[in-house]
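Report on the following structure.
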Amino acid sequence: MADPKGFMTTPRRDWPRRPVEERVRDWNEVYVPGALLPLVTEQADRCMDCGVPFCHEACPLGNLIPEWNDLVSRDDWRQAADRLHATNNFPEFTGRLCPAPCEAGCVLAINQPAVTIKNVEAAIADRAWELGLAPPRPPDRLSGRTVAVIGSGPTGLAAAQQLTRAGHTVAVYERDDRLGGLMRYGIPEFKMEKHHLDRRIEQMRAEGTKFRTSTAVGRDVGAAELRTRYDAVVIATGATAWRELPVPGRELDGIHQAMEYLPLANRVCEGDLEDSPVSAAGKHVVIVGGGDTGADCLGTAVRQRAASVTQLDIYAQPGAERDEDAEPWPTYPKIYRLSAAHEEARDLRTAPAASADARLFAASTLRFTGDEGGHVRALHLVEVDAARRPLPGTGRALPADLVLLALGFSGPDRTDGLIDQLGLRMEPRGTIRRDGGFATSVPGVFAAGDAARGQSLIVWAIAEGRAVAAAVDRHLTGSSQLPAPIGPFDRPMTV
């Protein structure tokens with residue numbers, strides 16, 4: 001604890017964002033380049049080095065937060081990078097994409113703004129690359145065992161890196177043409193520039209991990225064949241089966257799933273397309289769904305110069321402060337948060353129908369109507385109460401030339417045939433069934449991440465990847481020294 005009074009004398013200061021008018025003209029990350037490093041040393045000083053650091057419990061990775069806060073406050077970047085990488089394979093991902101449940105569990109957050117844990121994490125990760133403190137770590141010797149990892153999202157990449165470093169020969173199979181899963185084609189460039197992802201993949205290549213892109217297991221290569229070729233198989237395909245909105249007019253043109261829309265915008269940034277075939281340019285856009293994916297659609301539509309953008313959230317607008325009775329510290333509270341995309345929509349006034357930012361809260365979609373050509377032109381909604389019952393006299397219509405459905409995901413996509421070819425047992429909610437050791441109903445086949453847990457946060461995805469790697473290592477060798485931060489049935493802290 002470098003400054004025992006830091007939490008009393010230093011206010012919280014977050015990584016500043018670039019001006020709205022500037023950042024919506026490009027696809028670069030929203031934060032001011034180079035502005036983080038001068039802040040984090042004093043922000044790390046705010047850490048109280050608690051006797052019982054609940055930030056550890058709030059983060060499924062078990063990040064050693066007080067330790068690397070102290071090291072950052074002393075400008076010891078080498079040791080800070082070592083402590084950070086001891087629990088997290090990809091801290092530059094989580095430092096940008098995670099909603100930071102660790103900050104909700106910060107003891108300081110009981111009565112003050114929490115330590116900027118997420119910002120300190122991103123600073124350490126970026127500094128580690130700048131100073132050459134994240135070199136490849138190939139194994140000293142090979143085990144002679146082989147593992148196939150299906151899926152290259154954060155779970156698959158974490159599992160593959162851990163198993164490669166343990167000495168196993170690992171091949172990662174990805175059905176898309178580039179690696180990264182939703183981090184590649186689901187997360188917009190303005191939230192995380194893809195050079196962060198490319199850099200980690202090159203590190204993994206140098207360590208010995210093999211990658212097979214444009215290969216859908218179950219279609220391009222048989223799942224049973226893969227199982228016979230490898231000593232173990234890890235299914236980390238994510239939960240990509242999107243939820244539908246079965247209301248009248250859903251069949252109209254111009255209504256798309258968020259994951260039909262966002263990948264195209266990312267492909268424009270990758271240089272694959274000059275313009276997106278599903279663009280918001282000049283259109284009245286309505287996004288159905290109030291979560292992070294909806295916010296990603298919002299920021300994307302703003303950058304594509306939509307005529308207007310409105311986001312519908314079926315839940316009532318949360319308060320600005322934690323409800324201590326319903327969601328006491330250190331649980332992650334549902335409070336009103338203003339993401340970068342919502343800040344942009346508010347300042348640019350993209351949604352005339354919304355009062356504060358682009359969101360309409362407690363709003364439920366009734367139906368869509370279109371023109372004579374079969375294209376959507378309006379979304380009809382009604383306000384609802386806490387039980388989602390329509391409130392009489394609150395119906396209205398919003399102009400809509402493009403509707404984006406961001407309603408979440410129910411489980412892994414089964415269209416490739418992977419699950420059926422292996423004969424995996426499934427849970428009633430659509431995820432892959434597994435036991436306490438991450439093993440599926442098929443010997444030698446393991447499941448991890450959203451495919452088995454259900455839709456979750458990136459920190460849980462990486463934790464699952466690290467934990468399933470330990471389980472596979474134990475299966476192959478009889479024991480394992482790899483860390484297993486969580487079990488398959490662990491869940492976030494709740495009341």
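Note that the structure is a prediction, hence the values are computed from the model and not measured.
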Could you measure the distance from the CZ atom of R74 to the CG atom of D45? Nearest 0.5 Å is fine. 9.0 Å
So, do M426 and I419 sit near enough that their side-chain heavy atoms are less than 4.5 Å apart? yes
Counting only heavy atoms not in [X], do more than 12 sit closer than 6.0 Å to its [atom1] atom?
{"X": "R267", "atom1": "CZ", "result": "yes"}
{"X": "R425", "atom1": "CZ", "result": "no"}
{"X": "E324", "atom1": "CD", "result": "yes"}
{"X": "K194", "atom1": "NZ", "result": "yes"}

When E343 is tested against each of R17, R18, R337 for salt bridge (charged side-chain N to carboxylate O under 4.0 Å, His left out), which residue passes? R17
Would you confirm whether [X], through its side chain, and [Y], through its main-chain N or O, come within 3.5 Å as a donor-acceptor pair?
{"X": "S73", "Y": "D70", "result": "yes"}
{"X": "E29", "Y": "E189", "result": "no"}
{"X": "T116", "Y": "N119", "result": "no"}

Show, in sequence, the C-alpha distance, side-chain angles and deciding distance for E464 and R453, and conclude whether the salt bridge (charged side-chain N to carboxylate O under 4.0 Å, His left out) test is met. CA-CA 9 Å; E464 286 252 342; R453 173 172 292 275; 2.6 Å; yes
For [X], enumerate each residue passing the side-chain contact (heavy atoms from CB on, under 4.5 Å) test, keeping only those at least two apart in sequence or located in another chain.
{"X": "Y336", "result": "Q317, P318, L338, A356, D357, R359, F361"}
{"X": "R429", "result": "E427, T431, R491"}
{"X": "V268", "result": "L273, S276"}

Ignoring hydrogens and geometry beyond distance, is a side-chain donor-acceptor pair present between Q203 and Q161 at under 3.5 Å? yes
Do the side-chain N and O atoms of T331 and T494 include a donor-acceptor pair separated by under 3.5 angstrom?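 Not at all, the side chains of T331 and T494 share no donor-acceptor pair under 3.5 Å.
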Sequence neighbours excluded, the answer for side chain to side chain donor-acceptor pair (under 3.5 Å) partners of D435 is none
Go through the structure and list residues passing side chain to side chain donor-acceptor pair (under 3.5 Å) with S480, not counting sequence neighbours.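 Scan of S480 (side chain to side chain donor-acceptor pair (under 3.5 Å), adjacent residues dropped) gives D473.
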Please tabulate, for side-chain N and O atoms in residues 211-219, each donor-acceptor pair with protein atoms closer than 3.5 Å (sequence neighbours left out).
unit_1 : atom_1 : unit_2 : atom_2 : d
T215   : OG1    : T213   : O      : 2.9
R219   : NH1    : D416   : OD1    : 2.8

Summary of ring-ring contact (aromatic ring centres under 6.0 Å, His included) pairs that have at least one residue in residues 66-85, sequence neighbours excluded: none
Applying ring-ring contact (aromatic ring centres under 6.0 Å, His included), which residue pairs with at least one partner in residues 150-187 are found, sequence neighbours left out?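 Sorted result for residues 150-187: empty, none.
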Donor-acceptor pairs under 3.5 angstrom involving side-chain atoms of residues 127-135: please list them, not counting sequence neighbours.
unit_1 : atom_1 : unit_2 : atom_2 : d
R127   : NH1    : E130   : OE1    : 3.1
W129   : NE1    : E92    : OE2    : 3.1

Please name all residues satisfying salt bridge (charged side-chain N to carboxylate O under 4.0 Å, His left out) with D176, sequence neighbours left out, ordered by chain then number.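 For D176 there are no salt bridge (charged side-chain N to carboxylate O under 4.0 Å, His left out) partners, ignoring immediate neighbours.
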Please list every donor-acceptor pair under 3.5 Å in which a side-chain atom of residues 98-110 meets a protein atom from a residue at least two apart or in another chain.
unit_1 : atom_1 : unit_2 : atom_2 : d
E103   : OE1    : R12    : NH1    : 3.2
E103   : OE1    : R12    : NH2    : 3.0
E103   : OE2    : I117   : N      : 3.1
E103   : OE2    : K118   : N      : 3.0

Under the ring pair (Phe, Tyr, Trp, His ring centres under 6.0 Å) test, residues paired with F446 that sit two or more places apart: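 Per chain and number, F446 pairs via ring pair (Phe, Tyr, Trp, His ring centres under 6.0 Å) with H475.
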